Every structure is written in C-alpha cells, then in structure tokens.
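Here the structure comes first, spelled out in structure tokens, and everything after it is commentary.
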Amino acid sequence: MTFLTHVECTVCGQRHDGKRLLTVCERCGQMLAARYDLARVAAHVTKALLRERPPGLYRFRELTPLDPGEEPVTLGEGGTPLLALPRLAGHLGLRHVWAKDEGGNPTGTFKARGLGMAITRARTLGATGFMVPSAGNAGGAAAVYGARAGLPVAVVVPRGTPTAAIAEALIAGARVFTVEGSIATAGAIVSKAAPRLGWFDLSTLKEPYRLEGKKTIGLELAEQLQWSMPDVLIYPTGGGTGLIGIAKAYEELRAMGWLDGALPRFIAVQAEGCAPVVRAWREGAPTTAAWERPTTLAAGLRVPSPFAGRQMLSVLRETRGDALAVSDAAIVAAQRLLARLEG
C-alpha cells in the first residue's frame with residue numbers, strides 16, 4: 001500500500017497528482033514536495049515492527065512515495081552509521097558530538113539516497129532517460145543508478161569538476177559533457193536539452209523525489225538517537241537537499257507522534273568562495289541571489305544559485321538556526337583535525 005496522497009508546491013500550496021512525472025510547480029515554478037497520510041502511516045507501522053526490518057533506505061518504505069509492489073532501483077544505500085566523536089567533542093569543549101558517516105553508501109556519498117529514489121520513481125512514472133548537472137558526486141550517482149535501471153544518462157559538468165567524479169559517470173556508461181562556467185551554467189543547459197531529448201531533468205530539487213531519498217538521513221538519525229533529535233545539526237550546504245530533507249523527516253515523525261519537542265537548530269555551512277545562503281541569511285533576504293565567480297576546493301558546495309534557497313532559509317528561520325561561511329584553509333585544517341582525533 002502507498003501512503004502518498006499528493007505532491008504539493010512548497011510556496012503557493014498548489015496540489016499536484018503524485019502519479020504524474022513532474023518537475024516544478026505548474027502554477028508558480030517553485031519546488032514540489034511529496035505529502036503523506038501520516039495518521040495512516042502511524043497506524044500501519046510501529047517502532048517495534050521497524051526494528052525487525054533490515055537496515056537500508058527502504059526500511060522506512062511507508063514514508064517513501066513507492067507504489068504497492070514497486071521495486072526500487074537500489075544498490076543497498078542507507079543504513080549508514082552514526083559515529084560518536086568523543087575526542088573531537090573534548091577538543092571543542094562539548095559533551096557529545098556525532099557524525100553521520102555517509103561514505104559507506106554506494107558511490108561513496110549521500111547522493112546515492114536521492115538519485116536512487118528519484119530514478120526509481122521517474123522510471124515508474126514513464127521516464128526513458130535522464131540528464132543531470134553536477135559539480136561533484138551527483139553525476140556519478142545518477143549514472144550508476146541509471147545503469148542499474150537500464151536507462152541512459154547524460155551528465156553536464158563545469159570545468160574543474162573532480163576527475164574521480166567524472167570517471168565514475170563515464171565508467172557507468174553516462175555521456176559526460178564539460179562546459180565553461182559553474183553548475184548553474186550546466187543546469188541551464190540541462191533545462192533546455194532534456195525536454196528536447198524527451199529525457200527527465202534530475203536537477204537538484206527540480207523534481208520531488210530526490211528529496212524523499214535524502215530525507216531518510218533524518219529518519220535514520222531519529223532512530224539512531226533513540227527517537228530523539230540533536231540540539232544542533234550542522235550541515236555542509238550546496239544545493240541543500242539534505243538540509244531540507246532532514247527537517248522534513250523530523251516534521252513528519254513529529255506529526256506521527258514518534259518525536260516531540262522543537263526541531264534542532266539547523267546550521268548551514270558554506271565555503272567563503274560560494275556562500276549565497278550565508279549572504280541571504282545575513283541580509284535577511286527572502287531567498288538567495290546568484291553568487292558570482294564561485295571558487296572553493298569543496299566542489300560539491302560550489303552551487304552559486306541553489307534552486308531551493310527560499311526553502312533553506314525558511315528551515316533556518318523556523319529552527320532558530322544560523323548560516324556560516326568557512327575558508328578552504330579551515331576546511332582542510334578540520335579534515336586533518338578529525339582524522340587525527342577520530343581516524
């Protein structure tokens with residue numbers, strides 16, 4: 001049985017049919033989100049029943065958009081560990097610090113969650129091929145899950161994208177096109193080319209189901225913390241799917257009565273060389289504006305024009321959060337500190 005009721009615009013509230021292959025809101029062009037009958041979910045599944053299921057993304061199937069009997073395109077993603085970091089906590093003068101280690105996913109990053117779910121749902125709804133802009137790991141994940149689904153994938157990357165990310169996409173059979181500019185340039189090309197090919201545009205948050213895969217990080221965090229939420233959640237922020245998704249997961253679990261209390265303070269962390277969310281936050285703007293000449297060694301954070309800037313800022317406001325920018329030198333120093341203290 002499916003508990004998906006509809007797909008809803010996150011800005012104007014327009015309801016859309018979840019059985020259609022959709023990208024953005026047909027009324028206002030904004031981001032869509034899947035909605036569920038959460039009372040029925042709570043009546044159908046219990047925490048005890050959940051404990052009997054194997055780990056992985058589809059452990060939480062009732063909170064995914066899958067149809068009855070729909071077989072997901074999966075390589076075993078999800079179920080990643082939540083690691084206590086006591087030495088780092090001591091170094092920082094804190095009682096507890098945890099890290100959700102997404103490196104164990106297929107393709108080595110959390111991108112596997114979102115792209116696996118998006119390709120699963122798009123295939124079911126009739127997609128015959130995919131295009132995706134990528135500045136890092138999304139292109140490789142899309143290529144791998146496209147191969148798993150038996151469907152073609154084209155990836156458009158800006159020059160300077162890490163070689164390993166490009167190689168992953170090529171090895172999985174994708175066509176990879178390199179362009180001058182940023183991921184925003186690549187996204188503009190995909191938005192024009194995908195409809196001409198009759199392929200589906202998998203751009204970040206320009207379809208509703210990549211978010212549903214990413215939100216499973218929040219579902220897992222809640223269970224791993226014994227059905228509680230952390231005080232503060234720090235999130236490296238590029239396109240922001242995970243940040244919005246974790247908040248969505250917590251809100252759904254609260255509505256089901258599985259969590260209570262206020263959501264954690266969400267802290268969006270960006271690189272100083274590409275920080276549109278931080279700038280908009282400090283200016284009190286309703287949404288982000290394009291960041292000119294983005295530069296950072298953290299390729300996945302090099303997103304100058306995030307489509308869901310408005311929604312990210314809303315999460316920060318609603319959780320009494322913050323947005324911070326850090327230098328590339330600080331990123332490298334933190335990597336070394338974490339490795340030295342915690343392996």
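Worth knowing before you read on, the calculation uses all heavy atoms, side chains too, and leaves out hydrogens, waters and symmetry mates. Just so it is clear, the structure is predicted and the values come from calculations on it, not from any experiment.
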Which of R59, K214, R113 passes salt bridge (Lys or Arg N to Asp or Glu O under 4.0 Å) with E220? It is R113
Determine, for R15 against E8, whether the closest basic-nitrogen to carboxylate-oxygen distance falls under 4.0 angstrom.
no
Got a sec, which residues hit side chain to side chain contact (heavy atoms under 4.5 Å, CB included) with R336, two or more places apart in sequence or on another chain?
V332
Between E62 and R53, is a salt bridge (charged side-chain N to carboxylate O under 4.0 Å, His left out) present by the stated rule, with each step listed?
CA-CA 13 Å; E62 290 83 358; R53 297 178 179 178; 2.7 Å; yes
Ion pair check, R302 and E272, cut-off under 4.0 Å:
no
Is any side-chain heavy atom of M117 closer than 4.5 Å to one of P72?
no
Hey, are the side chains of K248 and L211 touching, using non-hydrogen atoms and a 4.5 Å cut-off?
yes
Given 3.5 Å as the limit, does a donor-acceptor pair link the side chain of T120 with the main chain of V73, or not?
yes
With heavy-atom distances below 4.5 Å as the criterion, would you say the side chains of L4 and R35 are in contact?
no
Would you say that more than 12 heavy atoms from the other residues, nucleotides or ligands in this model lie under 6.0 Å from the CG of D67, or not?
yes
If the condition is salt bridge (Lys or Arg N to Asp or Glu O under 4.0 Å), which residues does K215 pass it with, not counting sequence neighbours?
E212, E252
Do Y58 and E71 make a side-chain contact, defined as non-hydrogen atoms from C-beta onward lying under 4.5 Å apart?
no
Are the side chains of I217 and E102 in touch, meaning some heavy atoms are under 4.5 Å apart?
yes
Quick check: is L82 connected to L88 through a chain of hydrophobic side chains (ILVMFWY, heavy atoms under 4.5 Å apart)?
no
Kindly write out the residues that satisfy side-chain hydrogen bond (donor to acceptor under 3.5 Å, both in side chains) with T288, not counting sequence neighbours, or none if the list is empty.
none
Do T23 and E207 get their side chains close enough for a donor-acceptor pair, meaning under 3.5 Å?
no
